[in-house]
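In each ligand, atom 1 is the first atom listed, and ligand 1 is the first ligand listed. Counting begins at 1 with the first residue of the sequence. In what follows, every heavy atom counts, from backbone to side chain, and hydrogens, waters and symmetry copies are set aside.
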Amino acid sequence: MVSPSNKLHFFPEQGKNLATSLLLGLVVALCISALVLAITHLQRMKRLETLADNFSQYMYSYAVDLQDSSYKLLPLAQQPCERVIPELTSSAAFKLHVRAALLVKNSTAECSSATGKMSYPLAKLVPDINISKRRDLAILAETPLMPGKPALAFWLADPHHAGDGIITTINLNIPPYLLFSAQKEGVSGIALAVRQEAIGIYTGQVTPVAQLGKPRLERSLPDFPIKLLIFAPRWQPQLIQFSLLVGLAAGIVSALLCFYYLTVRMSSGREILAGIKRHQFSVVYQPVMDTQHQDIKGVEALMRWHHPAAGPIPPDVFIQYAEAQGLIVPLTRHLFSLIVKDLPVLQQCLPAGSKLGINLAPSHLKAASFQSDITQFVNQLPGNYFRLLLEMTERAMLEGDDVLESFNWLHEQGFDIAVDDFGTGHSALIYLQRFPFDYLKIDKGFISAIGQETVTSPVLDAVLNLAQRLKMETVAEGVETADQAAWLARRGVTYMQGYYLGRPMSAQQLNEWYCKLPTNSGG
Ligand code: C2E
Ligand code: CA
Ligand code: CA
């Protein structure tokens, strides 16, 4: 017998469900990954924009501050260097970012907060500054006092004297919080560009703008010719990893849910209902013979399921499965309809008064539709031709009073009842007295032990004595040898059933087989 745990492999749907679930999991994983990546990417772009705004605001206030201090120095432009040096120096010293302040007269640097009196053409000192403008900016790769350290030079012209004005050079000090948030967003470079040159904030180097490539973001400072360039890779590896991880988790969860839904919820009996609809079930009939004369006395209807993918599924397996799925009633109704279709053929060979054995599951006996199911079936049988024998296992007796009611009703209708597989269940004698069975079917396990010196034989003896005492007729199941048949005849068993006498056959096969029997070959 196939155990329920082995049942699953009979249903190829499980493999299909697994494949479907895996596919769904994969699709969900990809979709969620893409979605999370898109959302996190958008959020990151927004943060980068904010970062660029903060940066340019900072740079702007920096430039304005510088401009203000230059304005304050402007009145000094027309005074001799000796007089203004202390003020130039204190202005450079007290302004955080100012490297040096220079006084320019006639396009020549005349006085510096750092070096005092001097005379150096401005065009050589800061070639990129356009002193004809009221204000201008330029990038310096270095200054004499800080070689190798780039600076910004700010020019403020004296509006009343052409060629005179103030130059202020400033360091680029970026506050750590800005650098930190830039690093967090995966910014690979920040540059301040003035016209064609740019200072790299991370590298501290001056590079032509044309060599920097395309920045991810760009901001122009109002009023000053400064551009802020932010470089960052489009996709941040951490975000890709995070998105894949979230997608993977979602994929696993949805695959599991899908598998649960398909197997536990949707497949509940789906195969059985589909099998009924697609005509995958059929009935075979096994002859039951009279032990003394070996005449046919009836047949037992046994259901068969040929699954297109799994092949033949043993009845023990699908009956148990149908019971578990609450589908035994539709399945038994289907059995009835299949038998009804076979009736014309069965009537050709089976003599009138033959017993038609049908197996009933205990749960069907308790179903509300039980009586109407049986009545409908019987109404389709040719009047008084077949005698209905309902077979149920000892398990049915454990179901209690509902079943007893069904028993009584069956007897009232004139049907016979057999206890099936007797001796294999938990039969208590008290049940046998309480439930009025007409036949006792001895399980094939006992029959196969006949002739062997096992402990089974004394049990079989006891069962036969018990049947006699309770005035029940006996049917021996699974008779496979002549010796077994002879032994059973000697022991007064009423009927026999088994491969030795006839295998379960289709109605057509049964007809052909019956005609070939020696006793019927003439007729
Ligand atoms: P069961 O009612 O005891 O049926 C007899 C089983 O013994 C059948 O197995 C039959 O093919 C098998 N058999 C008959 N002669 C021999 C023999 O000489 N040797 C051996 N080894 N086996 C023999 P099957 O058809 O596989 O059915 C198994 C069980 O499935 C049945 O046991 C019955 O409990 C259940 N079943 C089958 N059809 C139906 C049905 O339509 N409704 C219900 N409720 N149960 C069914
Ligand atoms: Ca049976
Ligand atoms: Ca049986």
Undergrad: How close do Ser254 and Leu24 get, heavy atom to heavy atom, and via which atoms?
TA: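 Closest approach of Ser254 to Leu24: O-CD2, 3.9 Å.
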Undergrad: Would you say atom 38 (N) of ligand 1 has a protein heavy atom nearer than 4.0 Å?
TA: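 Given the 4.0 Å cut-off, atom 38 (N) of ligand 1 counts as touching protein heavy atoms.
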Undergrad: Can a donor-acceptor pair be found between the side chains of Thr494 and Thr474 at a distance below 3.5 Å?
TA: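 The criterion, which ignores hydrogens and geometry beyond distance, is satisfied for Thr474 and Thr494.
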Undergrad: Heavy-atom distances under 4.0 Å are what count here, so tell me which part of Asp420 touches ligand 1: side chain, backbone, both or neither.
TA: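 Side chain only; the backbone of Asp420 stays clear of ligand 1.
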Undergrad: Tell me the protein heavy atom at minimum distance from atom 31 (C) of ligand 1, and give that distance in Å.
TA: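 Residue, atom and distance for the closest contact: Leu302 CD2, 4.3 Å.
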Undergrad: Salt-bridge test for Arg47 and Glu185: reply yes if a basic N is under 4.0 Å from a carboxylate O, no otherwise.
TA: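 Looking at Arg47 and Glu185, the cut-off is met.
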Undergrad: Under the salt bridge (charged side-chain N to carboxylate O under 4.0 Å, His left out) test, which residues partner Asp342, sequence neighbours left out?
TA: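 Expected list: none.
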Undergrad: Using a 4.0 Å cutoff against the non-hydrogen atoms of Glu480, which atoms of ligand 1 qualify?
TA: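 Those qualifying, in numeric order: 17 (C), 18 (O), 19 (N), 20 (C), 21 (N).
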Undergrad: Listing by chain and number, which protein N, O or S atoms are under 3.0 Å from the Ca ion (ligand 3)?
TA: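 Less than 3.0 Å away from the Ca ion (ligand 3) sit Asp420 OD1, Asp421 OD1, Glu477 OE1, Glu477 OE2.
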Undergrad: For ligand 1, which part of Lys444 has a heavy atom less than 4.0 Å away: the side chain, the backbone, both, or neither?
TA: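 Only the side chain of Lys444 comes within reach of ligand 1.
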Undergrad: With the threshold set at 4.0 Å, does a side-chain nitrogen-carboxylate oxygen contact exist between Asp290 and Lys297?
TA: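 Salt bridge absent between Asp290 and Lys297.
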Undergrad: Tell me the protein heavy atom at minimum distance from atom 15 (N) of ligand 1, and give that distance in Å.
TA: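 Result for atom 15 (N) of ligand 1: Gln286 NE2, 2.9 Å.
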Undergrad: With a 4.0 Å heavy-atom cut-off (strictly under), which part of Gln497 contacts ligand 1: side chain, backbone, both or neither?
TA: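 Within the 4.0 Å criterion, Gln497 makes no contact with ligand 1.
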Undergrad: Counting the benzene-type ring for Trp, do Phe446 and Phe422 have ring centres under 6.0 Å apart?
TA: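 Centroid separation for Phe446 and Phe422: 6.0 Å or greater.
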Undergrad: Which of the atoms of ligand 1 are close to Pro504, meaning less than 4.0 Å from one of its heavy atoms?
TA: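 Reading through ligand 1 atom by atom, the close ones are 11 (O).
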Undergrad: Does Trp409 form a ring pair (Phe, Tyr, Trp, His ring centres under 6.0 Å) with His411? I'd like the steps, not just the answer.
TA: CA-CA 5 Å; Trp409 180 80; His411 274 150; over 10 Å; no
Undergrad: Under 4.0 Å from any heavy atom of Leu335, which atoms of ligand 1 are there?
TA: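 Heavy-atom distances to Leu335 below 4.0 Å select 41 (O).
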Undergrad: To the nearest 0.5 Å, tell me how far Gln347 CD sits from Leu381 CG.
TA: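 Going from the CD atom of Gln347 to the CG atom of Leu381 covers 9.0 Å.
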Undergrad: Sequence neighbours left out, cut at 3.5 Å: what donor-acceptor pairs do the side chains of residues 228-241 make with other protein atoms?
TA:
residue : atom : partner : partner atom : Å
Gln236  : OE1  : Arg44   : NE           : 3.1
Gln236  : NE2  : Lys184  : O            : 3.1

Undergrad: Tell me whether ligand 1 is touched by Arg304 - counting only heavy atoms on the residue side and a distance under 4.0 Å.
TA: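 A heavy atom of Arg304 does come that close to ligand 1.
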Undergrad: Which residue owns the protein heavy atom closest to atom 18 (O) of ligand 1, what's the atom, and how far is it?
TA: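 Residue, atom and distance for the closest contact: Tyr499 N, 2.7 Å.
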Undergrad: Is it the case that Glu300 and Gln286 place a side-chain donor and acceptor less than 3.5 Å from each other?
TA: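 No pair is found: no donor N or O on one side chain lies under 3.5 Å from an acceptor on the other.
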Undergrad: Counting non-hydrogen protein atoms only, what is the nearest one to atom 30 (O) of ligand 1? Give residue, atom name and distance.
TA: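 For this ligand atom, the closest protein heavy atom is Pro315 CB, 3.5 Å.
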Undergrad: One residue to check: Glu300. Relative to ligand 1, which of side chain, backbone, both or neither has a non-hydrogen atom less than 4.0 Å away?
TA: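 Just the side chain.
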Undergrad: Could Glu49 and Arg219 be called an ion pair, given the rule that one side-chain N must be under 4.0 Å from one carboxylate O?
TA: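 Salt bridge flag = yes for Arg219 with Glu49.
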Undergrad: Considering non-hydrogen atoms of the protein only, which is the closest contact for atom 28 (C) of ligand 1, and what is the distance?
TA: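 The closest heavy atom on the protein side is Asp316 OD1, 3.2 Å.
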Undergrad: Nearest protein heavy-atom contact for atom 44 (N) of ligand 1: which residue, which atom, what distance?
TA: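 Protein heavy atom at minimum distance: Asn359 O, 3.4 Å.
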Undergrad: Report the name of the N/O/S atom of Glu300 located nearest to the Ca ion (ligand 2).
TA: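 Looking only at N, O and S atoms of Glu300, the one nearest the Ca ion (ligand 2) is named OE2.
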Undergrad: Heavy-atom pairs closer than 4.0 Å: do any link ligand 1 to the side chain of Asp421, the backbone, both, or neither?
TA: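 The answer is the side chain.
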Undergrad: Quick one: CG on Leu356 to CZ on Phe415, what's the gap to the nearest 0.5 Å?
TA: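 Output value for this atom pair is 11.0 Å.
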Undergrad: Only distances under 3.5 Å count here; give the side-chain donor-acceptor pairs of residues 483-492 to other protein atoms, sequence neighbours excluded, each with its distance to 0.1 Å.
TA:
residue : atom : partner : partner atom : Å
Gln484  : OE1  : Glu480  : N            : 2.6
Gln484  : OE1  : Thr481  : N            : 3.1
Gln484  : NE2  : Ile447  : O            : 3.4
Arg491  : NH1  : Asp461  : OD1          : 2.2

